[in-house]
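One structure is given below, encoded as structure tokens.
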Amino acid sequence: MKYLSEYRDADIAKSLIARIKARATRRWTLMEVCGGQTHTIVRQGLDELLEGAVEMIHGPGCPVCVTPLEQIDKALAIAARPEVIFTSFGDMLRVPGSDCDLQQVRARGGAVRVVYSPLDALALAQQHLDKEVVFFAVGFETTAPANAMAVWRARDLGVKNFSVLVSHVTVPPAITAILESSDNRVQGFLAAGHVCAVMGWEEYEPIATKHRVPIIVTGFEPVDILEGIWMAVDQLEAGRHEVMNQYVRSVRRQGTPPARALVAQVFELADRQWRGIGEIPMSGLRLREEFAEYDAERKFGVGGLKVTEPADCRAGDVLTGRIKPPQCAAFGTICTPERPLGAPMVSTEGACSAYYNLAKYRATDAAEATS
């Protein structure tokens, strides 16, 4: 199968691992930004196969994981209202808020529905004119174009009972925040290919130059990731710090200009909270003033909530690569997929979920966690 089987070829993967190990004169520390890449690395054991040459640490690129507790609580408050049909992607239903999650709101009688697209939510609004239909617009640059399209279409069609609860975040400011933290260990990044398919990689170039780190736009299959690691290690060994594109079959330097233009017409940059991390300046998107009537936060008056993260949850340290999931004392004990403390244990892209479900919890990790 073209563009799939060749990126899962064991012989090519072994060859790349050998090249990386032969090139590395020391142990380099790289971060994969995307949760989908994390799951491939953990599932295939790439981190263990590269031991001694490369340490892979896991980044904040899981849209469910980084949605802040405050936004979850706003969603819960809106979803509980009798006049509302609250719509969301399925992953968000089990993310814990301060007191409960969306699944529990639904069990108590709230009209919470899973949709596969924000345009599905808009269609619901057209079918239920006696209800207010709200879509939970979370995610990175990858989901922003579809959400922008839903808002744009709602205005074009004159639909007044549709709104979005916006919790979009953008990748480049998060990479900068990690690099500028006092305890940063990251020496190179694998950037998420699907984000760059929309936005391109121009925004990464000043980051790579200023912080002297290679940033490799990378796909999601094992050979993609190993090739991205090879490109990063080769640059580090040569003393170069450039943005390079491994994911050439899907990504162009300019990204997808029509999608970028639509996002820019509907959204504008804003400061944004990241769950477990805190506020990162100009790292999020919010609706422009001309689309204010589609802003669910304004429509339902849920701004200004005060929240406190669970003291036992170290999601922020996991999302910034400071610790691996098993090094959190709550991992696998009071925090499990059945009873999660934080979103990384809930999401299908979460690092904690990857370690738990793919049996990466080893005795050595437990020892490190308690040392």
Side-chain angles (χ1 to χ4, degrees), residues 7 16 20 28-42 46-47 50 54-63 65-66 139-145 168-181 184-236 240-257 259-260 263 274 277 280 282-285 319-321 349 351:
Y7 291 97
L16 283 165
I20 293 166
W28 297 103
T29 303
L30 306 180
M31 172 180 278
E32 82 280 0
V33 172
C34 174
Q37 294 169 333
T38 300
H39 276 249
T40 298
I41 290 167
V42 174
L46 302 184
D47 51 343
L50 291 169
V54 176
E55 179 189 3
M56 296 304 301
I57 56 179
H58 316 307
C62 163
C65 304
V66 299
F140 293 88
E141 293 93 330
T142 46
T143 55
H168 277 302
V169 288
T170 58
V171 173
I175 287 179
T176 300
I178 290 169
L179 288 169
E180 292 181 352
S181 66
N184 170 57
R185 297 192 299 123
V186 181
Q187 296 166 301
F189 288 90
L190 304 186
H194 49 12
V195 169
C196 296
V198 175
M199 302 302 292
W201 67 77
E202 294 168 302
E203 291 179 85
Y204 295 107
E205 290 174 328
I207 300 173
T209 300
K210 178 180 178 181
H211 297 281
R212 301 178 61 78
V213 293
I215 300 177
I216 314 298
V217 180
T218 308
F220 305 90
E221 298 296 335
V223 168
D224 284 322
I225 290 170
L226 287 170
E227 197 169 56
I229 293 170
W230 156 252
M231 294 163 79
V233 169
D234 187 51
Q235 280 199 41
L236 288 164
R240 294 186 290 114
H241 315 93
E242 304 164 7
V243 180
M244 294 180 70
N245 181 22
Q246 180 278 330
Y247 205 32
V248 292
R249 64 189 185 278
S250 298
V251 177
R252 300 292 178 270
R253 187 171 190 275
Q254 305 296 329
T256 306
R260 295 178 64 175
V263 169
W274 293 57
I277 299 175
I280 300 177
M282 304 304 278
S283 67
L285 299 175
L319 291 168
T320 52
E349 292 189 17

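Here the structure is a predicted model, which is why all the values come from computation and not from measurement.
- Between Phe220 and Cys34 there is a side-chain heavy-atom pair separated by less than 4.5 Å.
- To the nearest 0.5 Å, the span separating CD on Glu55 from CG on Asp47 amounts to 9.5 Å.
- Closest heavy-atom contact between Thr256 and Ala197: OG1-O, 2.7 Å.
- In this structure, the side chains of Leu179 and Met31 stay at 4.5 Å or more apart for every pair of heavy atoms.
- Distance check, rounded to the nearest 0.5 Å: CD1 of Ile215 to CG of Leu30 gives 12.0 Å.
- Side-chain contact check for Pro145 versus Val198: some heavy-atom pair is nearer than 4.5 Å.
- A distance-only check finds no donor-acceptor pair linking the side chain of His241 to the backbone of Pro214 [under 3.5 Å].
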### Task
Start with the C-alpha gap between Ser181 and Thr320, add the side-chain angles, then the distance that decides, and say whether side-chain contact (heavy atoms from CB on, under 4.5 Å) holds.
CA-CA 10 Å; Ser181 66; Thr320 52; over 6 Å; no
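- Using a 4.5 Å cut-off on side-chain heavy atoms (C-beta onward), Ile280 and Thr176 make no contact.
- Between the Gln246 side chain and the Ile225 main chain, no donor and acceptor come within less than 3.5 Å of each other.
- With rounding to the nearest 0.5 Å, the separation of CZ in Arg185 from CD1 in Ile178 is 12.0 Å.
- In this structure, Arg212 places its CZ atom where only 12 or fewer heavy-atom neighbours from other residues, nucleotides or ligands lie under 6.0 Å away.
- Going from atom CD1 of Ile57 over to atom CD1 of Ile41 covers 11.0 Å, rounded to the nearest 0.5 Å.
- For Gln235 (side chain) and Glu242 (main-chain N/O), a donor-acceptor pair under 3.5 Å exists by modelled atom type.
- Using a 4.5 Å cut-off on side-chain heavy atoms (C-beta onward), Val251 and Trp201 make contact.
- Just one residue in the list Thr218, Thr40, Thr38 forms a side-chain hydrogen bond (donor to acceptor under 3.5 Å, both in side chains) with Glu32, and that residue is Thr38.
- Residues Val171 and Tyr204 meet the side-chain proximity criterion, which asks for heavy atoms closer than 4.5 Å.
- With values rounded to the nearest 0.5 angstrom, Phe140 atom CZ is found 8.5 Å from His194 atom NE2.
- Nearest heavy-atom pair across His58 and Ala351 is CB-CB, 4.3 Å.
- One distance of note links CG of Leu226 with CG of Leu46; it measures 5.0 Å at 0.5 Å rounding.
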### Task
Evaluate side-chain contact (heavy atoms from CB on, under 4.5 Å) for Val33 paired with Ile175, printing each intermediate quantity in order.
CA-CA 8 Å; Val33 172; Ile175 287 179; 4.2 Å; yes
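- Listed here is the closest heavy atom pair of Ile207 and Pro172: CD1-O, 3.7 Å.
- Using modelled atom types, one finds no donor on one side chain facing an acceptor on the other under 3.5 Å when comparing Thr170 with Glu141.
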### Task
Take Asn245 and Arg253 through the test side-chain contact (heavy atoms from CB on, under 4.5 Å) and record every step on the way to the result.
CA-CA 8 Å; Asn245 181 22; Arg253 187 171 190 275; over 6 Å; no
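- Counting heavy atoms from C-beta outward, Phe189 and His211 have side chains that stay 4.5 Å or more apart.
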### Met199 and Val263: CA distance, side-chain angles, deciding distance, side-chain contact (heavy atoms from CB on, under 4.5 Å) verdict
CA-CA 10 Å; Met199 302 302 292; Val263 169; 5.7 Å; no
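- For the residue pair Trp274 and Ser283, the shortest heavy atom distance occurs at NE1-OG, 2.8 Å.
- Residues Leu319 and Cys65 meet the side-chain proximity criterion, which asks for heavy atoms closer than 4.5 Å.
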